[in-house]
Amino acid sequence: MLKLRFIRTCLFSPFLINQSSSSSSYSFPPNKTISFASRSQMGSFTTLSQSSPRLLFRQLFEKESSTYTYLLADSSHPDKPALLIDPVDKTVDRDLSLVKELGLKLIYAMNTHVHADHVTGTGLIKGKVPGVKSVISKASGSKADVFVEPGDKIFFGNLFLEVRATPGHTLGCVTYVTGDGPDQPQPRMAFTGDALLIRGCGRTDFQGGSSRQLYNSVHSQIFSLPKETLLYPAHDYKGFTVTTVGEEMLYNPRLTKDEETFKSIMENLNLPYPKMIDVAVPANMVCGLQDLESKAN
């Protein structure tokens with residue numbers, strides 16, 4: 001298991017913050033624990049607040065792509081190490097301002113997958129906060145400082161996130177799940193990216209997507225978590241902020257169906273070509289920054 005130092009959590013209650021305006025990489029063998037020195041700053045806004053004495057948690061929103069970014073930190077640790085999940089380039093300054101206001105040390109900027117609807121903020125964050133490591137799955141094939149694989153653990157302080165492979169929307173999708181243990185957040189939290197949305201799921205018709213793979217990923221890796229587990233997606237288009245495993249097992253209109261019905265639903269969505277895909281995917285394959293070397297040639 002790969003383990004990176006994150007934070008511990010417990011209970012929370014959501015407060016949503018809306019955004020109103022519009023390298024060499026290190027690959028680590030699986031089943032290892034990895035720890036980097038925390039050295040960073042974070043800015044502050046209130047989003048989701050936690051009753052846990054350890055976990056500081058905020059849910060942030062970028063309205064143009066309807067993307068959620070998540071800030072987690074171990075507030076009980078002397079360094080207050082923190083991480084951001086799925087940051088967006090347009091809201092990097094807001095996010096870093098929040099990190100700074102809260103007195104946190106940002107150590108990781110993480111993605112659940114290579115996004116097609118926005119440019120990730122990880123590259124900009126690395127340029128503004130020395131020492132921050134970008135994180136993405138090895139299966140994504142993109143650039144980053146840290147490549148994670150199923151079973152790896154990412155530690156921030158005394159808390160950690162477990163990596164679960166949930167491909168199907170893209171080949172490299174992962175879900176980050178808070179740790180299981182008395183000193184970890186209860187109920188557990190899972191950051192599902194585009195694999196599982198609130199009463200929905202990500203499309204499967206591009207970037208190596210597969211409806212069968214997505215169906216099996218959700219049922220084996222997410223629906224296998226305790227029913228009270230809180231689920232936080234990368235997007236929502238109807239104003240919802242959080243759901244649970246139990247809710248989605250009962251009410252998700254796609255994933256409550258059998259596999260063949262789900263496959264038929266996904267094959268007949270007839271969705272338009274994503275308007276940002278030709279810009280976002282190439283940028284996100286290089287950590288959200290244009291390839292300056294090739295551009296110079």
Side-chain angles (χ1 to χ4, degrees), residues 1-17 33 35 38 42 44 46-60 68-86 102 104-105 107-108 110 112 135 148 150-166 174-193 195-199 217-234 236 240-252 255:
M1 273 184 195
L2 186 154
K3 302 182 182 178
L4 318 175
R5 294 213 83 88
F6 275 179
I7 62 173
R8 305 184 182 195
T9 47
C10 215
L11 302 174
F12 5 63
S13 89
F15 293 67
L16 177 61
I17 290 187
T33 301
S35 178
S38 353
M42 291 187 156
S44 150
T46 302
T47 321
L48 282 131
S49 102
Q50 266 289 2
S51 62
S52 163
R54 295 183 181 277
L55 178 67
L56 183 150
F57 176 54
R58 299 289 186 269
Q59 182 182 39
L60 308 169
Y68 285 125
T69 296
Y70 299 97
L71 171 65
L72 293 83
D74 185 347
S75 60
S76 69
H77 191 279
D79 293 333
K80 294 188 177 179
L83 61 90
L84 284 166
I85 298 173
D86 288 335
L102 296 178
L104 308 176
K105 291 186 177 182
I107 57 175
Y108 299 117
M110 307 166 58
T112 53
V135 180
V148 292
D152 289 348
K153 292 183 179 179
I154 303 168
F155 278 85
F156 51 112
N158 294 313
L159 300 174
F160 69 88
L161 296 178
E162 169 195 333
V163 179
R164 294 192 173 205
T166 48
V174 294
T175 292
Y176 298 115
V177 185
T178 55
D180 187 15
D183 55 349
Q184 300 297 311
Q186 296 299 327
R188 297 179 76 180
M189 307 160 73
F191 301 91
T192 58
L196 179 62
L197 306 178
I198 298 171
R199 308 298 191 267
S217 291
V218 171
H219 280 265
S220 66
Q221 299 300 315
I222 299 175
F223 284 177
S224 59
L225 291 163
K227 290 184 178 179
E228 66 274 15
T229 301
L230 298 168
L231 303 178
Y232 294 97
D236 189 84
F240 294 109
T241 57
V242 63
T243 184
T244 66
V245 167
E247 278 186 41
E248 295 307 310
M249 290 178 72
L250 286 173
Y251 305 122
N252 191 295
L255 287 154

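Every value quoted in this text rests on a predicted model; they were computed, and no experiment measured them. No hydrogens, no waters, no symmetry mates; every other heavy atom, side chains included, goes into these values.
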>> Quick check for you: to the nearest 0.5 Å, what is the distance between Leu250 atom CG and Lys227 atom NZ?
In response: 7.0 Å
> Listed by chain and number, what are the side chain to side chain contact (heavy atoms under 4.5 Å, CB included) partners of Thr112, not counting sequence neighbours?
Replying inline: Ile85, Asp86, His115, Tyr176
> Rounded to the nearest 0.5 Å, how far apart are CZ of Phe223 and CD of Glu248?
Replying inline: 6.0 Å
> Would Leu231 and Val242 satisfy side-chain contact (heavy atoms from CB on, under 4.5 Å), going step by step from the backbone distance to the final call?
Replying inline: CA-CA 6 Å; Leu231 303 178; Val242 63; 5.8 Å; no
> Do Thr192 and Thr175 meet the criterion of a side-chain donor-acceptor pair at a distance under 3.5 Å?
Replying inline: no
>> What's the separation between atom CG in Leu60 and atom OH in Tyr68, rounded to the nearest 0.5 Å?
In response: 10.5 Å
> Looking at Pro226 and Val245, what are the two nearest heavy atoms and their distance?
Replying inline: O-CB, 3.6 Å
> Partners of Phe191 by ring pair (Phe, Tyr, Trp, His ring centres under 6.0 Å), sequence neighbours excluded?
Replying inline: Phe57, Tyr70, Tyr232
>> Show the nearest heavy-atom pair for residues Pro150 and Ala165, with the distance to one decimal.
In response: CG-CB, 3.5 Å
>> What verdict does the side-chain contact (heavy atoms from CB on, under 4.5 Å) test give for Leu102 and Leu71, after you've listed the backbone C-alpha separation in whole Å, the side-chain angles of each residue and the deciding distance to 0.1 Å?
In response: CA-CA 11 Å; Leu102 296 178; Leu71 171 65; 4.1 Å; yes
>> Let me confirm one number: the CG-CG distance from Leu83 to Leu161, rounded to the nearest 0.5 Å.
In response: 5.5 Å
>> When you compare the side chain of Arg188 with that of Thr229, does any pair of heavy atoms fall below 4.5 Å?
In response: yes
> Would you say the side-chain atoms of His219 pair up with the backbone N or O of Leu255, donor to acceptor, closer than 3.5 Å?
Replying inline: yes
> Once you round to the nearest 0.5 Å, how far does NE2 of His77 lie from CG of Leu56?
Replying inline: 14.5 Å
> Is there side-chain contact between Asn252 and Val218, with heavy atoms separated by less than 4.5 Å?
Replying inline: no
>> Once side chain to side chain contact (heavy atoms under 4.5 Å, CB included) is applied, do any residues pair with Glu247, and if so which ones, sequence neighbours excluded?
In response: Arg199, Thr243, Thr244, Tyr251
>> How close do Ser75 and Lys80 get, counting heavy atoms only, and between which atoms?
In response: O-CE, 3.8 Å
> Going through the checks in order, is the side-chain contact (heavy atoms from CB on, under 4.5 Å) test met by Ser220 and Arg164?
Replying inline: CA-CA 10 Å; Ser220 66; Arg164 294 192 173 205; over 6 Å; no
>> Met189 vs Val177, test: side-chain contact (heavy atoms from CB on, under 4.5 Å). Steps then yes/no.
In response: CA-CA 6 Å; Met189 307 160 73; Val177 185; over 6 Å; no
